[in-house]
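These notes concern the structure reproduced below.
For reference, positions follow the sequence shown, starting with 1.
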Amino acid sequence: MTDEMTLPDRTKFASAADYAYAALRREIIEGRFAPGRRMREIELAEHLGISRTPTRQALTRLELEGLLNLRPRAGLVVSVLDIDAVEELYEMCAALEGTAAAMAAKNASPKDLAGLAKLVAAGEKLGREPLSFYRHDRDLHAAIQAAAHNRYLEKSLSVLQDSTALLGPTMSAGKGFFAAAQTEHAAIVQAISQRDAKKAESLAQAHVRSALDVCRSILGKERDLESRGD
């Protein structure tokens with residue numbers, strides 16, 4: 001169990017199972033529980049300070065959402081995305097992120113636009129620490145989705161974002177990714193603010209494709225290292 005794990009406030013949750021789910025989900029999404037990591041029920045229950053039953057319930061919920069999967073002889077592990085799954089995932093992300101940006105351009109309230117501008121400004125002040133940028137990136141995309149004001153779109157994108165989280169914050173450590181992503185974020189938000197739905201959609205889709213290019217590069221390097229190790 002990583003020493004970096006900071007547990008959420010247990011009193012804010014209605015049940016021990018909800019608390020366990022929130023704590024474990026955050027560690028997966030933020031990359032502290034890396035893909036392939038074994039999720040041992042006893043170990044996790046002890047660390048969370050709860051019994052095995054609610055821990056098991058949380059693990060089952062995470063498995064149903066696709067963040068965990070069952071492997072022979074290993075048990076439950078954090079899911080690993082292969083290149084085919086990544087390609088399929090980003091194809092759907094491009095379509096839905098583009099739709100969200102276009103709808104935000106049409107439906108965003110003045111408060112939504114102010115919040116997006118604030119996030120872009122905050123991004124310009126960020127350092128180069130991958131986890132900080134990763135959190136900021138998720139916040140900005142979530143704000144665009146909320147500004148679209150379509151609950152079904154927001155729910156669909158939430159599922160996709162949980163899957164992309166399996167790639168972890170290391171994505172933002174790719175060469176040139178940070179600066180390029182910040183520039184792309186600013187352009188998308190500007191198009192939304194100008195109520196240019198077509199441009200916002202096109203820029204959002206291009207942003208996702210740029211992220212996919214970085215992901216392909218990182219996964220390719222990982223495969224090369226694995227093959228050399230073999």
Side-chain angles (χ1 to χ4, degrees), residues 1-71 74-81 85-86 89 92-93 96-97 100 112 115 118-119 122-123 126 129-173 211:
M1 187 69 60
T2 175
D3 293 335
E4 296 179 8
M5 181 174 179
T6 303
L7 298 175
D9 183 353
R10 184 174 173 180
T11 63
K12 294 182 178 179
F13 298 92
S15 69
D18 287 343
Y19 158 72
Y21 167 79
L24 298 177
R25 180 179 180 276
R26 186 175 70 183
E27 300 313 305
I28 294 170
I29 287 177
E30 295 195 346
R32 294 194 182 95
F33 287 175
R37 182 195 191 280
R38 294 181 67 181
M39 300 294 279
R40 298 178 177 88
E41 183 183 301
I42 296 176
E43 177 187 351
L44 293 169
E46 181 180 352
H47 185 76
L48 294 170
I50 59 177
S51 68
R52 292 178 61 181
T53 297
T55 302
R56 186 181 310 118
Q57 292 170 343
L59 292 173
T60 298
R61 186 174 170 184
L62 291 165
E63 182 184 9
L64 290 172
E65 292 180 358
L67 292 176
L68 303 179
N69 62 40
L70 190 62
R71 283 187 179 176
L76 278 179
V77 302
V78 177
S79 297
V80 179
L81 296 179
V86 169
L89 175 61
M92 288 303 301
C93 283
L96 293 187
E97 292 279 7
D112 292 328
K118 186 176 180 179
L119 281 167
L126 284 177
E129 200 278 310
L131 182 56
S132 295
F133 176 76
Y134 175 74
R135 288 170 173 167
H136 173 265
D137 183 74
R138 286 183 65 89
D139 288 345
L140 189 139
H141 282 267
I144 292 174
Q145 293 159 29
H149 293 283
N150 186 301
R151 71 193 73 179
Y152 298 103
L153 176 63
E154 195 168 355
K155 185 180 294 185
S156 296
L157 274 167
S158 177
V159 173
L160 291 178
Q161 287 186 336
D162 281 353
S163 295
T164 59
L166 293 169
L167 298 170
T170 53
M171 267 283 294
S172 58

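When side chains are defined from C-beta on, Leu68 counts as touching Val78, because their heavy atoms get closer than 4.5 Å. At least one side-chain heavy atom of Asp112 sits under 4.5 Å from a side-chain heavy atom of His149. Contact of the Ile28 side chain with the Glu65 side chain is not registered, since no non-hydrogen atoms from C-beta on lie closer than 4.5 Å. Side-chain contact between Leu76 and Asn69 is absent, with no heavy-atom pair separated by less than 4.5 Å. Gln161 is listed as a side-chain neighbour of Glu97, based on a closest heavy-atom distance under 4.5 Å. Between Leu44 and Phe33, the closest side-chain pair of non-hydrogen atoms falls below 4.5 Å. In this structure, Gln145 and Leu153 have side chains that are not in contact, with every pair of non-hydrogen atoms separated by 4.5 Å or more.
In this structure, the side chain of Tyr134 engages the main chain of Ile29 through a donor-acceptor pair within 3.5 Å. Judged purely by atom type and a 3.5 angstrom limit, Thr60 uses its side chain to pair as donor or acceptor with the backbone of Arg56. No donor-acceptor pair under 3.5 Å is formed between the side chain of Ser158 and the backbone N or O of Lys155. Remark: side-chain polar atoms of Arg10 are not paired, donor with acceptor, to backbone N or O of Ala16 under 3.5 angstrom.
Closest approach of Pro35 to Ser79, counting heavy atoms only: CB-O, 3.4 Å. Ala58 and Ala17 make their closest contact through CB-O, 3.9 Å (heavy atoms, listed as atom of the first residue, atom of the second, distance). Closest approach of Leu48 to Ala20, counting heavy atoms only: CD1-CB, 3.8 Å.
Annotation: the span from Met39 atom CE to Leu67 atom CG amounts to 9.5 Å, rounded to 0.5 Å. One finds the CG atom of Asp162 at 4.0 Å from the CZ atom of Arg25 (value rounded to the nearest 0.5 Å). Atoms CG and OH, on Leu157 and Tyr152 in that order, are 15.5 Å from each other to the nearest 0.5 Å. Rounded to the nearest 0.5 Å, atoms CG (Leu126) and CZ (Arg135) are 11.5 Å apart. Note that OH of Tyr19 and CG of Leu24 are 9.0 Å apart. Values are rounded to the nearest 0.5 Å. The structure places CD of Glu43 at 12.5 Å from CZ of Arg52, a figure rounded to the nearest 0.5 Å.
We find that Arg61 and Asp18 are joined by a salt bridge, their nearest charged nitrogen and carboxylate oxygen being less than 4.0 Å apart.
Heavy-atom contacts from other residues, nucleotides or ligands closer than 6.0 Å to CG of Leu70 number more than 12.
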